[in-house]
Structures are given as C-alpha cells and as structure tokens.
Amino acid sequence: MTSVGPGQRTTAIVRRMTARERDEEHRASTPLELLFDLCFVVAVSQAGRQLVHDLVEGRAGAGVSGYLFVFWGIWWAWMNFTWFASAYDNDDVPYRVTTLVQICGVLIFAAGIPRAFTDNDWTLSVIGYLVMRLAMTSQWLRASASESRGSGGRRTALRYAVGVAVCQAAWVFLLVVPSGTTRWLFVVLAVAEMLVPLVAEHGQETPWHPHHIEERYGLFTLIVLGETMSAATVAVQSALEEHDALGRLLPIAGGGVLIVFAAWWIYFAAPAHERLSTDRQAIPWGYGHYAIFGSAAAIGAGLEVAVEYTVGGADISARAAGAAVTVPAAVFLIMVWLLHARHFKRGPAQQMVLPLAAAAVLCCLFAGNWAVFAAGMVCAATVAVGVGLGRGTPEGPVSGGASREALPPAEAEGTPSD
C-alpha cells in the first residue's frame with residue numbers, strides 16, 4: 001500500500017487515489033477540510049437556533065428530541081467525510097470537486113432543519129443528504145478502483161460504497177412513510193448507518209491517520225465552541241439593545257465564558273492519537289463524539305435561553321432556564337472523561353474530578369437565576385483542581401502508549417489539567 005504524501009504530489013489534474021499511510025509524517029488538516037468544517041457550522045447553528053426556539057416556548061421534549069435527530073445527521077455526515085479523507089485524500093481536482101458537492105449537500109441539509117424541527121418534514125434535509133451521500137459513494141468507488149484487484153482494501157471500499165448507497169436509498173424511502181413512524185424509522189436507519197463501518201472494515205481497516213483524526217476532531221470541537229460563544233454573544237447584545245438588563249446579564253455572560261474556556265481546557269488536556277491504534281479503540285471514541293459535539297453546541301443554545309429568560313422573553317421557570325446550560329455542560333464533562341481523559345488519570349482522586357464536576361454542574365440548576373454563573377465557577381474550579389492534583393504526576397496514559405507530545409510546552413512540562 002503506497003502513500004501520497006505532500007512531497008510526492010504533482011500538479012496533475014487527476015491522481016490515483018492510493019491509500020495514505022498511518023505513519024505518514026507531518027500529516028495535518030488541509031484548507032479544504034477546514035472549509036468543509038466551517039460549512040457544517042451553518043447546520044450546527046440552525047440546529048441550535050431551533051432548539052432555542054422550542055426551549056423558550058416551553059417545548060423542551062420536542063426541542064431536545066428534534067435536536068438529537070438533526071444533530072445526528074450533521075455529525076454522521078461530518079464523520080463519513082472525515083474518516084474517508086484521513087485514509088484516501090489525494091487532493092486532486094476530482095476529489096476537490098466531489099467535496100464541493102458534499103458541501104452543497106450540507107447547505108441543503110441545513111436549509112431543511114427548520115422544517116424538520118417544526119413540521120417533522122425531512123424532505124429538504126433528505127435531499128441534502130442524498131447529494132452528500134452520492135458524492136461519498138463515488139469517492140468510495142474511486143478508492144476501490146485504485147486498490148489492487150482482490151485485495152482487502154478493495155473489498156473494504158466496495159463494502160463502504162454499497163453500505164452507504166443502500167442506507168441512502170432507505171433514507172429516501174423515509175419520505176413516503178406515515179409521519180407518525182418517521183422518527184422511529186429514523187432510529188432504525190441511524191443504527192444501520194453506524195453498523196456500516198463495523199461491517200465494511202471487518203477483515204481490513206482503512207488506513208486512517210491517528211494524528212490527523214485527533215486533529216480533525218479537535219478542530220471541529222474548537223469550531224463548535226466558537227459557534228457557542230458567537231451565539232451567546234449575539235443573544236446578550238440583542239437583549240441589551242431591547243432591555244436595560246446589564247446587571248442581570250453579566251452573571252450569564254461571565255459564567256458562559258468560564259464554561260466554554262473550561263471545556264476547551266479539559267478537552268485538550270490529554271492527547272488521544274496514540275490510543276487510536278485500531279478500530280477497536282477508534283470507533284467508540286469517534287462515535288462518542290456525537291455527545292461531545294452535540295453538548296458543546298447545546299451549551300450555546302442554553303446560554304441563549306438563559307438570556308431570554310432573564311429579560312422576560314421565555315415563559316419557563318428559572319430551573320428550566322438553568323438546566324438548558326447545566327445539562328449539556330455536564331454531558332460534555334462526563335463524555336470527555338469517559339472517552340479519553342480517564343486513561344490519563346492516576347489514582348481515585350484524579351479519576352473522580354470530572355465525574356464529580358459533572359454532578360456539581362448539574363446541581364447548579366437549583367441555583368435559580370445564578371445557575372449559569374455557578375456552573376461557570378464549578379468548571380473553573382474543576383480546571384484548577386485538575387492542575388493541582390496533576391502536579392508531579394508521570395507523563396502519559398495509565399495504560400501506556402500515548403505520549404504528551406501533542407500538548408503545548410507549558411502543559412507537557414506540567415501535568416494533565418483536568
């Protein structure tokens with residue numbers, strides 16, 4: 001299996017889509033991948049906006065369920081592209097054009113999110129998915145054609161192409177079933193989609209790159225956290241323009257900043273790339289990020305809800321407004337611990353920091369109007385306690401394998417900071 005590295009690339013319009021090597025040096029995200037991520041933020045923003053609308057109107061059940069369904073579609077489409085690109089990105093003209101088609105599909109999907117939320121009408125979103133998946137299927141077929149005849153790599157790529165195509169046909173069928181069964185069938189199809197990689201990679205895994213995958217997930221986490229800050233800032237600005245509520249909004253703004261900053265600190269405190277050696281570790285880690293990405297984006301929506309409640313624009317209780325922030329913040333903390341932070345902890349004291357912090361953040365919903373500020377203080381204290389407990393601790397994961405080379409020098413010389 002050969003690799004097309006940066007130094008080997010030519011100016012040819014079309015290049016053979018050969019598999020990349022897992023140990024390829026200096027593998028980093030490309031500008032095209034970053035553009036792809038930024039376009040996905042449009043869909044994330046739409047999902048968050050609809051969640052805010054439902055929560056403010058007191059329709060928490062409908063809002064949360066709609067958000068979980070829609071965000072799954074966003075996350076899964078991003079996953080499909082990210083892992084394929086890690087294994088087969090050759091950056092030629094056909095690859096770039098096909099990725100552009102996928103980006104168009106993302107934007108169509110995003111445009112259909114309001115209808116999916118309010119009317120359970122998935123037509124436009126499924127059309128967007130169809131555009132994305134046809135492009136993705138063509139990429140897998142191209143990858144299979146570049147693999148040797150009868151090789152494991154070719155069989156894996158063909159299984160992916162067939163699996164993606166069959167699942168997409170089922171999504172189209174979803175449009176003609178009775179509306180009352182749509183969401184139940186959605187769950188069935190989502191499970192089928194997530195089984196495709198397990199079936200396709202049985203026998204031979206695709207050569208995704210651990211460093212590259214870690215970086216891609218980290219960058220998307222940063223983008224989602226940035227969208228969270230942006231949404232909250234706009235909400236505060238709009239509230240100040242219409243209401244004289246600076247004193248009431250400052251605790252929300254301060255608490256929100258602390259939560260987001262702590263989320264960034266905690267997520268990037270421990271490197272994950274060397275734990276991602278096989279699909280057995282990588283698939284649960286990758287799938288678990290559905291909860292991390294979704295909760296990170298929901299924090300921003302929750303901050304908007306808290307602002308609306310503070311200025312009298314939400315007909316909900318103080319506890320419900322606080323829960324809109326504290327619940328996703330607690331989910332974020334516990335999922336980061338579960339997926340990779342716990343592998344770098346030594347002793348029960350370090351291991352319990354994030355689980356206890358998640359419980360404490362959840363309890364902040366009982367603080368009424370001060371719930372967001374209290375949650376922010378808990379998150380800040382979590383970082384401080386993690387730094388303190390980690391001083392003098394040996395580097396690397398407890399189970400062995402990963403180094404701390406991915407951390408900034410100040411953190412690599414010290415200790416895990418969560």
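The analysis underlying the following values was restricted to heavy atoms, covering all of them including side chains, and did not include hydrogens, waters or symmetry mates.
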Before giving the answer on side chain to side chain contact (heavy atoms under 4.5 Å, CB included), spell out for L219 and L34 the whole-Å C-alpha distance, their side-chain angles and the decisive distance to 0.1 Å. CA-CA 8 Å; L219 289 173; L34 297 179; 3.6 Å; yes
Using the rule given for side chain to side chain contact (heavy atoms under 4.5 Å, CB included), can you reason through W285 versus I213, listing the C-alpha separation, both sets of side-chain angles and the distance that settles it, and then say yes or no? CA-CA 11 Å; W285 183 86; I213 287 295; 3.7 Å; yes
Candidate pair L55 and I316, rule side chain to side chain contact (heavy atoms under 4.5 Å, CB included), full reasoning: CA-CA 8 Å; L55 292 180; I316 57 176; 5.7 Å; no
Walk me through whether E193 and W72 qualify under side chain to side chain contact (heavy atoms under 4.5 Å, CB included). CA-CA 11 Å; E193 286 271 8; W72 182 90; 3.8 Å; yes
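Between W76 and M194, some side-chain heavy-atom pair lies under the 4.5 Å cut-off. For the pair Y290 and M79, the minimum side-chain heavy-atom distance is 4.5 Å or more. Side-chain contact check for L141 versus L158: some heavy-atom pair is nearer than 4.5 Å. Counting heavy atoms from C-beta outward, R20 and D89 have side chains that approach closer than 4.5 Å. V177 is listed as a side-chain neighbour of L185, based on a closest heavy-atom distance under 4.5 Å. Side-chain contact between N369 and T310: absent, with no pair of heavy atoms (C-beta onward) separated by less than 4.5 Å. Between Q168 and L130 there is a side-chain heavy-atom pair separated by less than 4.5 Å. Side chains of F373 and C364 form no contact here, defined as non-hydrogen atoms less than 4.5 Å apart.
To the nearest 0.5 Å, atoms CG (D37) and OG1 (T221) are separated by 10.0 Å. Distance CE/M229 to CD1/I259: 10.5 Å, rounded to 0.5 Å. In this structure, the separation between OH on Y287 and CD1 on I292 is 15.5 Å, given to the nearest 0.5 Å. Residue H211 holds its NE2 atom at 10.5 Å from CD of E215, rounded to the nearest 0.5 Å. Going from atom CG of L51 over to atom CD of Q46 covers 13.0 Å, rounded to the nearest 0.5 Å. Note: Y95 OH to D92 CG = 9.5 Å, rounded to the nearest 0.5 Å.
The closest side-chain donor-acceptor pair between H212 and E33 falls under 3.5 angstrom. With 3.5 Å as the limit, one finds no donor-acceptor pair spanning the side chains of S230 and E227. Residues R49 and S45 have side chains that bring a donor and an acceptor to within less than 3.5 angstrom of each other. In this structure, a donor-acceptor pair under 3.5 Å is absent between the side chains of H209 and S86. One side chain, E201 or T206, offers a donor N or O that lies under 3.5 Å from an acceptor on the other. Side-chain contact of R115 with N120: a donor-acceptor pair under 3.5 Å is absent, judged by distance alone.
The shortest non-hydrogen separation linking A291 to S295 is O-OG, 2.7 Å. Heavy atoms only, all atoms of each residue included: A380 and L258 are closest at CB-CD2, 4.3 Å. Minimum heavy-atom separation, A263 to L225: CB-CD2, 4.1 Å. V361 and A329 get closest at one heavy-atom pair: CG1-CB, 3.8 Å. Nearest approach of G288 to M335, heavy atoms of both residues: O-CE, 3.7 Å. Of all heavy-atom pairs spanning V101 and V131, the tightest one is O-CG1, 3.4 Å.
Judged by distance alone, the side chain of S146 and the main-chain N or O of R142 form a donor-acceptor pair under 3.5 Å. With R319 contributing its side chain and F366 its backbone, the two residues share no donor-acceptor pair below 3.5 Å. Put simply, the side chain of Q281 gets close to the backbone of T278: a donor and an acceptor are under 3.5 Å apart. Side chain of E205 to main chain of D279: a donor-acceptor pair is present (N/O by atom type, distance under 3.5 Å, no hydrogens or angles). Not a single donor-acceptor pair under 3.5 Å links the side chain of Y309 to the backbone N or O of V56. Side chain of R15 to main chain of D91: a donor-acceptor pair is present (N/O by atom type, distance under 3.5 Å, no hydrogens or angles). Q102 places no side-chain N or O within 3.5 Å of a backbone atom of R133 that could act as its donor or acceptor partner. With S125 contributing its side chain and W122 its backbone, the two residues share no donor-acceptor pair below 3.5 Å. At least one donor-acceptor pair under 3.5 Å links the side chain of R159 to the backbone N or O of H202. In this structure, the side chain of T228 does not engage the main chain of I299 through any donor-acceptor pair within 3.5 Å.
In this structure, the ring of F71 has its center no less than 6.0 angstrom from the ring center of F293. Between Y217 and W78, the distance separating the two ring centers is shorter than 6.0 angstrom. Checked against a 6.0 Å centroid threshold, the rings of H289 and Y267 count as neighbours. Between W264 and F261, the ring center distance clears the sub-6.0 Å criterion. F186 and W171 have their aromatic ring centers within a separation under 6.0 angstrom.
L124 is linked by a side-chain contact (heavy atoms from CB on, under 4.5 Å) to I108, A111, counting only residues two or more places apart in sequence or in another chain.
Aromatic ring orientation, F84 versus W140: perpendicular (interplanar angle above 60°, classes split at 30° and 60°).
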